[in-house]
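Pasting a structure here, questions to come.
Quick caveat, the model's predicted, so the values are computed rather than measured. Note that these values count all heavy atoms, side chains included, but never hydrogens, waters or copies made by symmetry. Letters A, B, ... are given to chains in the order of the sequence lines, protein chains preceding strands, and every chain is numbered from 1.
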2 protein chains.
Amino acid sequence: MSNPLIRKLENFTTFSEDDKQALNKATQQVRHCRAREDIICEGDCPEVVNLLMEGYACRYKDMQDGRRQIIAYFVPGDLCDISVFILREMDHSIATVSPATVALIPRDTMLDLMVHHPRIAQALWWSTLVDEATLRAWIVNVAQRTAYERMAHLLCELFFRLRAVGLTNGHSCQLPVTQAELAETLGLTPVHVNRTLQDLRRDGLLELRGKVLTIFDLSALQRAAQFNPNYLHLGHDGEDFHASHSERGDQGNSMNPPM
Amino acid sequence: MSNPLIRKLENFTTFSEDDKQALNKATQQVRHCRAREDIICEGDCPEVVNLLMEGYACRYKDMQDGRRQIIAYFVPGDLCDISVFILREMDHSIATVSPATVALIPRDTMLDLMVHHPRIAQALWWSTLVDEATLRAWIVNVAQRTAYERMAHLLCELFFRLRAVGLTNGHSCQLPVTQAELAETLGLTPVHVNRTLQDLRRDGLLELRGKVLTIFDLSALQRAAQFNPNYLHLGHDGEDFHASHSERGDQGNSMNPPM
DNA sequence: CGCCGTGTTGACTATTCTCAACCCAGGTGG
DNA sequence: CCACCTGGGTTGAGAATAGTCAACACGGCG
């Protein structure tokens, strides 16, 4: 089984064998979580970085009245909280969605990786910036689109991201998410999520049942969602980057971490 | 007139005179823009970092059908696009809202700052992470709250941010934003924005006219908005951080930039 | 067997949108 | 100096998307 972090970051750049070994070594220590277990809570200031190896997790914010908004999904290969390097206190929480395996990367290991492996450091920056771009796409999604388009967009995104780490199977992928969770993600009610999924199914675009998502016609779904995958920056930007800026010469130790 | 960037970052940490001089020097070269002028467009890959010195700007995404979603506001002291260090191509655009003064910081100057002034580098990381936290808060806002609460939340946030750079005047601040722009920000129609502002005014919470926002009762407004300012991380996290982690000893050259 | 979590359906409600008209202030040109 | 034009703000009436509440179906599991 290949390391999903490496797999993910290779969508941006190409690693040396040495880089890969370092990443593999850093992700040895793992922890197994049940479904719906909190990994970090609002207010915490954890000392390790959590990397999702298997399963699904999410970032969420609780509101006073008990409602919850899911702000991001994590799929294998995603780092949950690089921000702990700087911000004193978490302003949101992170929890598993399905049973999951999480690698715990100690802060110092992380620092080491970034100092001695500039290409890794650069790739981690890339992944942070992609996360930010994804947040922007989500704002557009909930603010501008109808329930039908929103759902289509979310499922497109998840499918693309899973595919980027090799976790799709033809037109299908695992998606162990309840309709209630989709509702908390899209700012809809569970009832309306249910009806929206029925509409998508009726239109022959997709099916979501038994924790499996099947997309019958991806390009039709993209069209329905107005989905433009550019914000995922899956185009191996890193390679081009090296090519066009390789004269700069200061890559050696310049991608160092925040502290 | 003090440098708004310094003023902003001092909400996180304390600079030496040397740090401040470097920042002042880096922000010498400025450019004046009219209202509603694009600074960077989707697809560009600019070679300078834009820092807003005076006026208001925003980040936005265009949709196929001509709708536009505003994703962030920039107030004086905000850096528009540190991400240009890594991502090949902008996946959104940036434009002024009012007439504005923008400092152009060349990439190399930025690198220099980060390499030779670790406290600045750390503060820039902080500002990036706060931007990300703000995106999360916006997702919650558009996904979960009513028009009334949404508007209250946005205006609370802007007031807090302006206050943090000394741009409020008692209960008031400049806010040269049209109702149509507020609509594009909150995912509402201009008509509904108009009615919502009337409701807020009728309830004695605030007034927005002639490009001036006046908040009559800030804590009532916060309550109405369920506004929790923790995501702005204005609590001088940097100081605490130094205190609690000062033994680490690797701060000297560890906050280096992405390339 | 019965319970609980999840998904499904129906009927009714409400927040928000759409469209269209109108007002007002400021700037421009005749 | 006035007429006009334009951008922004305001109002009304009707439509639509999404929410609420309540009931029921289904399957897994203790």
Review point. Quick one: side chain to side chain contact (heavy atoms under 4.5 Å, CB included) partners of B/Asp217, sequence neighbours excluded?
Key: B/Ser219, B/Ala220

Side-chain donor/acceptor pairs under 3.5 Å, residues 209-216 of chain B, sequence neighbours excluded:
| from | atom 1 | to | atom 2 | distance (Å) |
| --- | --- | --- | --- | --- |
| B/Arg209 | NH1 | B/Glu207 | OE2 | 3.4 |
| B/Thr214 | OG1 | B/Ser172 | OG | 3.1 |

Practice item. Assign B/Arg209 to base, sugar-phosphate, or nothing according to its heavy-atom contacts below 4.0 angstrom with the strands shown. Key: nothing

Practice item. Let me know the distance between CG of A/Asp199 and P of C/dG7, rounded to the nearest Å. Key: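 A/Asp199 atom CG is separated from C/dG7 atom P by 17 Å.
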
**Study point:** A/Asn194 side chain near C/dT8 phosphate (N/O to OP1/OP2, under 4.0 Å)
**Key:** yes

Check your understanding: Looking at residues at least two apart in the chain, or sitting in another chain, which of them share a side-chain hydrogen bond (donor to acceptor under 3.5 Å, both in side chains) with A/Thr27?
Key -> A/Asn3

**Study point:** Partners meeting side-chain hydrogen bond (donor to acceptor under 3.5 Å, both in side chains) with A/Glu89 (sequence neighbours left out)
**Key:**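 side-chain hydrogen bond (donor to acceptor under 3.5 Å, both in side chains) check on A/Glu89 returns nothing, list empty.
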
Check your understanding: Does any donor atom in the side chain of A/Gln174 or A/Tyr56 lie under 3.5 Å from an acceptor atom in the other side chain?
Key ->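 A/Tyr56 and A/Gln174 do not have a side-chain donor-acceptor pair below 3.5 Å.
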
Practice item. Return each pair, listed once, that meets salt bridge (charged side-chain N to carboxylate O under 4.0 Å, His left out) where at least one residue sits in residues 72-81 of chain B; pairs must be two or more places apart or across chains. Key: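 Listed once each, the pairs are B/Lys8-B/Asp78, B/Asp78-B/Arg161.
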
Check your understanding: Which residues within residues 176-184 of chain B lie with some heavy atom under 4.0 Å of an atom in DNA chain D?
Key -> B/Thr178, B/Gln179

Check your understanding: Taking only residues two or more places apart in sequence or in another chain, which ones pass side chain to side chain contact (heavy atoms under 4.5 Å, CB included) with B/Glu37?
Key ->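 Partners of B/Glu37 under the side chain to side chain contact (heavy atoms under 4.5 Å, CB included) test: B/Arg31, B/Cys33, B/Arg34, B/Thr96.
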
Revision key, fill the gap. So the contacted stretch of DNA chain D, first to last nucleotide with an atom under 4.0 Å from a non-hydrogen atom of chain B, runs from D/dG8 to D/dA13

Point to revise | Results of side-chain hydrogen bond (donor to acceptor under 3.5 Å, both in side chains) for A/Asp203 - residues two or more places apart only | key: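 side-chain hydrogen bond (donor to acceptor under 3.5 Å, both in side chains) list for A/Asp203, sorted by chain: A/Tyr148.
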
Review point. If you look only at pairs with a residue in residues 180-193 of chain B, which of them pass as a salt bridge (charged side-chain N to carboxylate O under 4.0 Å, His left out), with sequence neighbours excluded?
Key: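 Qualifying pairs, neighbours excluded: B/Arg36-B/Glu181, B/Arg68-B/Glu184.
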
Please tabulate the protein-to-nucleotide N/O contacts below 3.5 Å involving nucleotides 13-17 of chain C, giving atom names and distances.
| from | atom 1 | to | atom 2 | distance (Å) |
| --- | --- | --- | --- | --- |
| C/dT16 | OP1 | B/Ala147 | N | 3.0 |
| C/dC17 | OP1 | B/Gly187 | O | 3.4 |
| C/dC17 | OP2 | B/Thr189 | N | 3.2 |
| C/dC17 | OP2 | B/Thr189 | OG1 | 3.1 |

Exercise for review: If a pair satisfies ring-ring contact (aromatic ring centres under 6.0 Å, His included) and one of its residues is in residues 157-198 of chain B, list it, with sequence neighbours excluded.
Suggested key: B/Phe160-B/Phe227

